[in-house]
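Comments concern the structure below.
Order of listing sets the numbers, starting from 1, for every ligand and every atom in it. Keep in mind that what you see is a predicted model, and the values were worked out from it rather than measured.
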Amino acid sequence: MDLWSPLSRLFPAVLLTWTLFALCFQLGCSAANTSTPWPLLDNGLQHTVQWDHYSLLINGERLFLFGGEMHPFRLPVPELWEDILQKIEAMGMRMVSIYTHWGFHAPTPDSVDFRTGAHNLTCFLEMARDVGLYVMVRPGPYINGELSAGGMALWSTTGAYGTLRLNGTAYTHSWTPYQDGIARVTRPFQITENGTVIIFQIENEYGNQWRDMNHKIPNWEAISYVEKLEDNARKNGIVVPLTHNAPNQNGRAWSKDYDTVGAGGDVDIYGLDSYPQCWSCVTSECGSQPPFMPEFQGGAMNPWDGPAGGCQERTGVDFVNFYYRDNIAQRVTMLNLHMIYGGTNWGWLAAPFMGTSYDYSAAISEDRSIGDKFYEIKNLGLFTRVADELAFTDWPAFYVIRHVQTASASEEWFAIKVNTSIGEFYVPKISSAAVLSGNEGKILVADFHFGNQTLYYATAEVLTYSIIDGKEILVLWTPSGRSGEFYLNGATTGTVSSGQSVTFVGSDHGVIVANTQRGGLTVLEFDNGVRIILVDRKTAYKVWVPALTKDPGVPVDQTALVVGPYLVCSATLTGTTIRWNGADLPTTKTNRSTLVATIPQPRTILVPKIVDWKSHDSLPERDPSYSDAGPAWVLANDTTSPNPAFNLNTTTKPYLFADQYGFHTGIRLWRAHFSVPADSTSPPTGVCLSIQGGTAHGWSAYLNGVFLGSWLGDANADTSNPTLPFPANSTLLRGGDNVLLVIHDDTGHDQGSAAVAGTAGASSSPHGTIDALRTRYNEGGLTAERLGWHLPNFNPPSSFWESRSAPSEGFPGPGVRFYRGTLPLHIPRGLDVSLAFRFQPPLDPEQNNNLGYGYRVLLFVNGWQYGRYYPSIASEDTFPVPAGVLDYEGQENMVGLAVGVEVVVRYAVESGFDSKGIEGGYLRGGWEEVRREYA
Ligand SMILES: *[C@@H]1O[C@H](CO)[C@@H](O)[C@H](O)[C@H]1NC(C)=O
Ligand SMILES: *[C@@H]1O[C@H](CO)[C@@H](O)[C@H](O)[C@H]1NC(C)=O
Ligand SMILES: *[C@@H]1O[C@H](CO)[C@@H](O)[C@H](O)[C@H]1NC(C)=O
Ligand SMILES: *[C@@H]1O[C@H](CO)[C@@H](O)[C@H](O)[C@H]1NC(C)=O
Ligand SMILES: *[C@@H]1O[C@H](CO)[C@@H](O)[C@H](O)[C@H]1NC(C)=O
Ligand SMILES: *[C@@H]1O[C@H](CO)[C@@H](O)[C@H](O)[C@H]1NC(C)=O
């Protein structure tokens, strides 16, 4: 069986290259047998969302569920969520999936926030419903996501809550308010109520159901944990199917089919980030649940030492073309791409190894722009939305052609025998052969139904079809220069109404049409009223099928067809006037009763400049006379610790685990006092530090205000153990108080069980949360942050600022300096504009040379920390900042803590999405009098 399994798994929905074709056919799983032994299931709580072995059914309708992942917290401007959701919908997807972030929503153990700014998930779920997308909600409490502590509340990482991700009472109490909150926010948006949520996930990649999987020996504590989460969801009114995702099929995690011993904890539908289907045609080896991939690769993350923007080359157009078609070949019917929009790890959201960008080389870029990868997925997405038969995958209506080896890029000429209602025969029938080019896959249809019509076969790919004014319009695409052929039932003749010439051949059951694609758009009219449009790949990229309904199922008679623009999310037509981007466009009617409108070129945007730089020293703490008596400072004197991460018998006391003193994010300052007797004969000659700070952490140390040394960091080192000698002619005081100051740029908590890791340090950032909107993930313990100099409405007397020159000129010697400049913006209305901040190495004014990479920069824009520039470690130097965080009609956009920064325009497109229209004032405030206390 092993030898057979790869092929039998592929059959009948897939054929490999034509050379394997005959072999594949002989393996013969029951080809056209559509009767099914698989019962329709639901969870007994509702009947709206059901499933069987093949697919999900919503209100009794089977569907191919193609979706994409975005994380609302990674785009903290709710007004922009709609743009992402509309783009996902425009790709032909039917679902958006979200992680929600415990630490973001639960600032303290006793409070949750589902209201302020991007915390308002009601707003998200309402938008998704109104755009017309189903929603999968994945609340954790652990979500991984390349996030600090995997998204767990950072206050839970002290060790005081026992083992995380298990069933202990303290840990259970810690997540309960958040899980209650997320379930209550979600409940009214379930499809059974007034929304589109269809799936609710329990935990994340928690493959712990079995102590010994082969012998089915349960792991009772883990099962108890998962059951507590499930009970909590149900208790709070979640009735849609519960799911789980496991990173490989061997865990068969939480699947009712695998749990034949009644261990418990099983979810309704389990998902795998792998190939989930039965291995053979022996149905007893198959499961009762549909093939579901909650996380299929949509791109790749970008760690500090990786290329900026993720692995764009490896996860580009060829990748999505090939692998997503291959999933269809493997009979997957629920496919969620991770990520479809990555966004930004603003502030200190990220896990230590990750930079600021979470672009993820996703189809929708961090700055919300789209390109060929988006279009390529859209070409498949539009097909999956109209090809109902994909959801019932025993029917051999599709042939997926691909190379056996994913790496092979050769060109293969092939003919293939297809099974149709008028018999089996080889296609193409009249062209010489079909071609498989390069790394791509190809889906050929057989007996494809569109409206009341049938294509017996097509060697061109179906892009989409629509029923407009009661007539079917089908769009087929072929790569440029390739031939395509199809056989349309019921027609006797056809004509070319515009475009290239094609060959029509009459046949027993209709007309066979062949062409060689020369680019552009060819429109064919048939005597049975059908219109078929042939396009090449690039033209197909700009074919849009906006839905005229909010129904995520998108019935084919409630769509329009638009060809040409960069993006179409919606369009309205009144008479012969198209309303486009908020303006009326006159149209002209063509002889094939389509309407043509001309839209103007986008206006160009002048590159804005940051002006009026001011600065102030931001490291008064190194001065021995600085007072650390204020509430910003906590005495780090604990001689006991709940933290299990170190051998507490050998770690020196007092324990310096920052989290147990209430400091969880960002740069922290440690200030140690020691005295040396006046008559000491052996005064200390230096200090040994032991610093754990996450990979890419950095530090600097000072004694009595004098610089001792620093560490610029390494993308792979998470500890450093420096010995720093005190300088000769040292500033060490005898008979007085000596002050050692360490600035510790901590990059966050590891994920998984390592989340409870001590970072040796206590810092100076305030306990609790002052900034409810931006949360404690936004800031750390620098003076500038504690006192709110980064906030837009911080307005000190002008004498406060030292009129130092612009940050691009740098400053001599070690230190921390806060620069503040303003960015006046006057972006015209009616445009969607994206701006980014780009860093350049500064010049040293004294030595008149380049400082090189010996510094780190935090970028704050209107109070939001939107970039960490670590030039010695990372290539990431450009940080897109969204509209809303930026005021597009503001004299006073505030840019803070920048060194040598310039603004670049990423794009400006004429758009119905008017980025200036965002009423984002509430996103840009925040300085309060209370900040003064944290000096
Ligand atoms: C959250 O969003 C909903 C839906 O858009 C809105 O009605 C509500 O006012 C918002 N809540 C807050 C606190 O802003
Ligand atoms: C569903 O939501 C819509 C839009 O917010 C609202 O008008 C309607 O009253 C809601 N219906 C129910 C049953 O809650
Ligand atoms: C955790 O699970 C174990 C094994 O089922 C059980 O004995 C124990 O009582 C559970 N603890 C709690 C607090 O539920
Ligand atoms: C398909 O046939 C049905 C029944 O004859 C008819 O009502 C419907 O209008 C037809 N649809 C199209 C798109 O022609
Ligand atoms: C730590 O310092 C606080 C404040 O001075 C004091 O109340 C506490 O007893 C000290 N703890 C230890 C273990 O010395
Ligand atoms: C730490 O010391 C205590 C008391 O001496 C001892 O019981 C315990 O086993 C030690 N723990 C470790 C991890 O060595």
- Item | Within-shell test, D638 vs ligand 5, heavy atom, strictly < 4.0 Å | no

- Element-labelled atoms of ligand 3 that are located less than 4.0 Å from some non-hydrogen atom of K228: 12 (C), 14 (O)

- Do me a favour and list the nearest non-hydrogen protein atom to atom 2 (O) of ligand 4 with residue, atom name and distance? N452 ND2, 2.2 Å

- Note on the structure: V112 meets the side-chain contact (heavy atoms from CB on, under 4.5 Å) criterion, sequence neighbours left out, with A106, F114, P177, Y178

- Task: Verify, without hydrogens or angle tests, whether R668 (side chain) and G780 (backbone) share a donor-acceptor contact under 3.5 angstrom.
- Result: no

- Is the closest protein non-hydrogen atom to atom 12 (C) of ligand 4 under 4.0 Å? yes

- Look at atom 5 (O) of ligand 3 and say whether a protein heavy atom is found at less than 4.0 angstrom from it. yes

- Item | NZ or CZ of R622 within 45° of Y702 ring axis and under 6.0 Å | yes

- Message: Taking the six-membered ring for Trp, are Y161 and W155 closer than 6.0 Å centroid to centroid?
- Response: yes

- Message: Any protein heavy-atom neighbour for atom 9 (O) of ligand 5 (distance below 4.0 angstrom)?
- Response: no

- Could you find the nearest protein heavy atom to atom 1 (C) of ligand 3 and give me its residue, atom name and distance? N167 ND2, 1.4 Å

- Check ligand 4 against E472 and write out every atom of the ligand that is under 4.0 Å from a heavy-atom position of the residue. 12 (C), 13 (C), 14 (O)

- Item | Check: S507 and Y487 side chains under 4.5 Å, non-hydrogen atoms | yes

- Item | K228 NZ/CZ over W175 ring centroid, <6.0 Å and within 45° of normal | no

- Item | D469, CG atom: more than 12 neighbouring heavy atoms under 6.0 Å | no

- Considering only the protein, which heavy-atom contact is closest to atom 3 (C) of ligand 5, and what is its distance? N637 ND2, 3.5 Å

- Close-contact set for ligand 3 against T169 heavy atoms, below 4.0 Å: 13 (C)

- With heavy atoms of G470 as the reference, note each atom of ligand 4 found under 4.0 Å away. 12 (C), 13 (C), 14 (O)

- Message: Could you check whether any side-chain heavy atom of Y258 comes within less than 4.5 Å of a side-chain heavy atom of M213, counting everything from C-beta outward?
- Response: yes

- Message: I need the atoms of ligand 4 closer than 4.0 Å to a non-hydrogen atom of I467, numbered in the order shown.
- Response: 13 (C)

